Amino acid sequence: METWRLIATALLAAGGLLLVLVTMAKVRDRVSSGGPVAVAGAIAFTILVLLCLLTVTVLPATVAWGAVVVVGATASVMLLAG
């Protein structure tokens, strides 16, 4: 396994977990029940796991690092806007 794949996956997972939590908090602010919050968290976490799995196995370097940049930028914007 190439080192860049492991680094990209770790950065993607760190930013992605932050995005999962922010997404769940935004949903919680909009609805009063816990059901939609759990569903939003499960969907976001599943997408994150699939993206991490693809990054560590088959995605080319430009796409993998592009995903890391997009997730990092999105997490930064959502935290600053919150």
Side-chain angles (χ1 to χ4, degrees):
M1 177 110 7
E2 293 118 345
T3 305
W4 70 265
R5 287 190 181 273
L6 296 175
I7 294 170
T9 303
L11 291 173
L12 189 62
L17 285 176
L18 185 64
L19 274 179
V20 169
L21 294 175
V22 170
T23 301
M24 291 175 72
K26 297 270 185 193
V27 171
R28 188 190 66 221
D29 288 344
R30 296 180 192 268
V31 297
S32 59
S33 64
V37 175
V39 170
I43 290 170
F45 186 72
T46 302
I47 291 170
L48 174 64
V49 167
L50 288 174
L51 188 57
C52 284
L53 211 107
L54 288 173
T55 300
V56 82
T57 56
V58 296
L59 286 180
T62 54
V63 176
W65 286 111
V68 170
V69 168
V70 167
V71 167
T74 304
S76 299
V77 168
M78 286 182 78
L79 283 175
L80 290 175

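Predicted, not measured: the structure shown is a model, and the values here were computed from it.
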Point-to-point distance, once rounded to the nearest 0.5 Å, from OG1 of T46 to CG of L51 =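 Rounded to the nearest 0.5 Å, the OG1-CG separation comes to 12.5 Å.
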### From L11, L6, L12, residue fulfilling side chain to side chain contact (heavy atoms under 4.5 Å, CB included) relative to T55
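Checked L11, L6, L12 against T55; only one passes side chain to side chain contact (heavy atoms under 4.5 Å, CB included): L12.
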Side-chain donor-acceptor distances from residues 60-79 under 3.5 Å, at least two apart:
unit_1 : atom_1 : unit_2 : atom_2 : d
T74    : OG1    : V70    : O      : 2.7
S76    : OG     : G72    : O      : 2.9

Would a single hydrophobic cluster contain both [Y] and [X], if residues Ile, Leu, Val, Met, Phe, Trp and Tyr are joined by side-chain heavy-atom contacts under 4.5 Å?
X	Y	value
L59	W4	yes
V22	L48	no
V39	V20	no

(request) Under the salt bridge (Lys or Arg N to Asp or Glu O under 4.0 Å) rule, collect the residues that match up with R5, sequence neighbours excluded. (result)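 Applying salt bridge (Lys or Arg N to Asp or Glu O under 4.0 Å) to R5 gives E2.
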